[in-house]
Number of protein chains: 2
Amino acid sequence: MLKEERQRTILNEVELHNRVLLTDIAEKLDVSIDTVRRDVKELDGENRLRKVHGGAVSLGFANYSPARNNVYALEQKTAIAQKALGLIKDNSVILIDGGTTCVELARLIPPQQSITCFTLSLPVAMELLNKPNIETIFIGGVLSKDSQISIGANTIHNLSQIKVDYGFIGTGYVDASYGLTEFDWDIVQTKKAVIKASKNTVLLSISEKLNSQHRYRTCDINEIDTMITELEPNHQLLNSFKDQNIKLL
Amino acid sequence: MLKEERQRTILNEVELHNRVLLTDIAEKLDVSIDTVRRDVKELDGENRLRKVHGGAVSLGFANYSPARNNVYALEQKTAIAQKALGLIKDNSVILIDGGTTCVELARLIPPQQSITCFTLSLPVAMELLNKPNIETIFIGGVLSKDSQISIGANTIHNLSQIKVDYGFIGTGYVDASYGLTEFDWDIVQTKKAVIKASKNTVLLSISEKLNSQHRYRTCDINEIDTMITELEPNHQLLNSFKDQNIKLL
DNA sequence: TTATTAATTGCAAAAAACAGCATTTAAAAA
DNA sequence: TTTTTAAATGCTGTTTTTTGCAATTAATAA
């Protein structure tokens with residue numbers, strides 16, 4: 001049997017069933033497991049499937065990564081996410097909210113880091129699935145079409161059952177005196193629950209959002225433990241936050 | 001024997017069987033293996049076949065466009081999804097499982113259709129968010145990296161709280177006598193819960209999966225109400241399912 | 001934790017590819 | 001026709017690729 005035939009068969013099996021065991025393939029093709037392993041490794045190198053411990057999975061939808069090309073102020077958000085990474089220790093339990101900054105955080109978590117991560121954001125969850133050492137738990141509920149996160153009573157109830165080490169949240173608007181505000185009532189309720197579910201709440205926000213407000217309030221500024229912007233903590237734009245009981249990063 | 005003639009024979013063999021061994025050709029044509037090798041090398045240079053270690057394969061066999069939409073058997077799955085759409089009535093409540101066929105179903109739901117849709121699949125949920133008239137509820141839980149669906153006790157508990165009109169499920173393997181089987185224990189538990197949460201269970205499966213099985217059983221074949229493949233219901237491949245208490249579409 | 005199962009590494013045998021060379025064959029020129 | 005020339009073929013020894021096996025290490029499950 002030619003190597004090409006064998007690899008074609010392997011690909012076929014993988015695509016058909018989404019996942020196969022190396023031992024099954026070896027038996028089916030009547031070759032040693034070493035050969036199958038080498039084939040799978042090669043196919044993985046060619047990006048035609050993904051090798052996993054003990055088998056292989058189809059790329060199928062596995063390589064879905066939300067289009068990141070038109071994210072506003074990506075550079076600042078990346079800088080914020082980088083700072084946030086410093087807070088995440090191995091074996092900790094965290095909760096990541098929705099929004100592009102939070103997606104960026106999820107994307108940048110190093111593959112070696114082993115943590116448990118709750119989220120209610122679909123795009124964040126997609127990113128986390130790419131991390132081999134992260135256990136991801138999705139908080140279910142009614143999905144909001146524009147923010148792509150779970151909202152509603154069920155979501156809030158689920159959040160009430162957990163208490164994580166760090167909760168990373170975004171916000172629509174933030175102001176030193178008005179606190180965190182949003183455009184949408186449901187989102188506010190959900191974010192309140194996220195904050196309640198976190199021992200430490202970390203706000204991720206680009207500086208452009210500072211000193212802005214909207215109609216519904218999530219919380220007061222000093223209910224946030226840490227605020228991360230892309231700016232240096234002593235930047236003058238952050239002056240109005242320095243008096244508050246809040247850590248700046 | 002002329003070189004031309006020999007090369008034509010080689011090409012014929014390759015077209016006929018998709019692949020060929022150099023040693024076989026050499027024996028069949030009664031020439032040295034070096035000659036065959038040189039011929040094949042030449043034909044490869046002319047792009048009339050692909051030379052591989054130990055033999056040659058036809059271009060169709062080896063060719064794959066890296067940019068192609070890499071869902072396996074997309075055409076069949078689209079056909080299946082189309083048939084399934086016929087079952088979905090306005091204002092009904094449905095539950096969509098994971099897998100590429102289910103994603104295809106979600107993708108094809110017309111934008112005017114207004115339904116309530118539960119799902120435990122991340123990619124399905126992403127698709128549903130694009131539909132303005134669908135209320136989407138994500139069943140939360142621990143996310144399986146391979147299958148990108150919620151699994152585990154929490155998922156099963158959440159599923160136990162609902163009863164939908166139609167549950168559309170996929171399966172790894174299906175056999176008329178062994179029923180639906182899977183590679184993964186957790187997935188099986190989850191699918192059992194999905195079936196229990198559905199008044200009508202509809203199995204979506206391409207015909208290639210028929211008569212295959214794996215180690216863990218989800219359910220017996222007659223626990224499924226309707227099975228949809230890309231084939232006509234009276235196709236002979238479906239004969240073994242006709243005796244069962246199951247509707248074929 | 002321990003037990004089990006995979007992955008990795010190094011190695012050796014077998015098969016295939018390659019390069020160089022000698023011989024044969026086929027076509028062109030005399 | 002014969003001679004010349006270039007191409008084609010087969011052979012030899014060497015190098016590379018492929019494959020399976022065994023020992024060690026890593027990862028996962030109980």
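Atom NZ of B:Lys51 and atom P of D:dT17 are 12 Å apart (whole Å). Distance CG (B:Asp44) to P (C:dA16): 18 Å, rounded to an integer number of Å. Taking atom CE on A:Met1 and atom P on C:dA15, their separation rounds to 18 Å, with Å as the unit. Following rounding to the nearest Å, B:Glu4 (CD) and D:dA8 (C1') show an atom-to-atom distance of 14 Å. In this entry the distance linking CG of B:Asp39 with P of D:dA7 reads 16 Å, nearest Å. One interatomic measurement links the two molecules: CD of A:Gln7 to C1' of D:dT17, which rounds to 13 Å at whole-angstrom precision. Straight-line distance from the CD atom of B:Glu42 to the C1' atom of D:dA8: 10 Å, rounded to whole Å.
No side-chain heavy atom of A:Ile137 sits less than 4.5 Å from a side-chain heavy atom of A:Ile162. Inter-residue side-chain proximity for B:Asn222 and B:Ile246 is flagged as unmet; no heavy-atom pair is nearer than 4.5 Å.
In this structure, the separation between CZ on B:Arg38 and CD1 on B:Ile33 is 11.5 Å, given to the nearest 0.5 Å. With rounding to the nearest 0.5 Å, the separation of CD1 in A:Ile94 from OG in A:Ser198 is 10.0 Å. Interatomic distance, B:Cys117 SG to B:Ile96 CD1, rounded to the nearest 0.5 Å: 4.0 Å.
For residues 195-223 of chain B, the set of pairs meeting the salt bridge (Lys or Arg N to Asp or Glu O under 4.0 Å) definition, not counting sequence neighbours, comprises B:Asp165-B:Lys199, B:Arg217-B:Asp220. The list of salt bridge (Lys or Arg N to Asp or Glu O under 4.0 Å) pairs with a residue in residues 181-191 of chain B, not counting sequence neighbours, reads A:Arg19-B:Asp184, B:Asp97-B:Lys191.
Note on B:Lys41: every side-chain N or O is 4.0 Å or more away from OP1 and OP2 of C:dA17. Side-chain nitrogen and oxygen atoms of B:Arg6 include at least one within less than 4.0 Å of the OP1 or OP2 phosphate oxygen of D:dT9. Checking the phosphate oxygens (OP1, OP2) of D:dT18, a side-chain nitrogen or oxygen of A:Lys3 falls inside 4.0 Å.
Residue A:Glu42 qualifies as enclosed at atom CD: its count of foreign heavy atoms under 6.0 Å is above 12.
Remark on the helix from C:dT1-D:dA30 to C:dA30-D:dT1: inter-end axis angle 40°, axes from five-pair C1' superpositions, rounded to 10°.
Closest contact between the side chain of A:Arg37 and the listed nucleotides D:dT19, C:dA6, D:dA8 involves C:dA6.
Side chain of A:Asn200 to main chain of A:Tyr166: no donor-acceptor pair is present (N/O by atom type, distance under 3.5 Å, no hydrogens or angles). Without hydrogens or angle criteria, B:Glu230 side chain to B:Glu75 main chain gives no donor-acceptor distance under 3.5 Å.
Counting any heavy atom pair closer than 4.0 Å across all strands shown, B:Val40 reaches no nucleic acid atom.
Judged as a ring-ring contact (aromatic ring centres under 6.0 Å, His included), and not counting sequence neighbours, the contacts of A:His17 are B:Tyr173.
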Identify the pairs formed between an N or O of the protein and an N or O of nucleotides 10-13 of chain D at a distance under 3.5 Å, and give each distance.
residue, atom, partner, partner atom, Å
D:dG10, OP2, B:Ser32, N, 3.1
D:dG10, OP2, B:Ser32, OG, 3.0
D:dG10, OP2, B:Thr35, OG1, 2.2
D:dG10, N7, B:Arg38, NH2, 2.6
D:dC11, N4, B:Asp34, OD2, 3.3

For nucleotides 26-30 of chain D, tabulate all protein N/O to nucleotide N/O atom pairs closer than 3.5 Å, reporting atom names and distance.
none

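Across all non-hydrogen atoms, the minimal contact from A:Leu120 to A:Phe138 is O-CZ, 3.6 Å.
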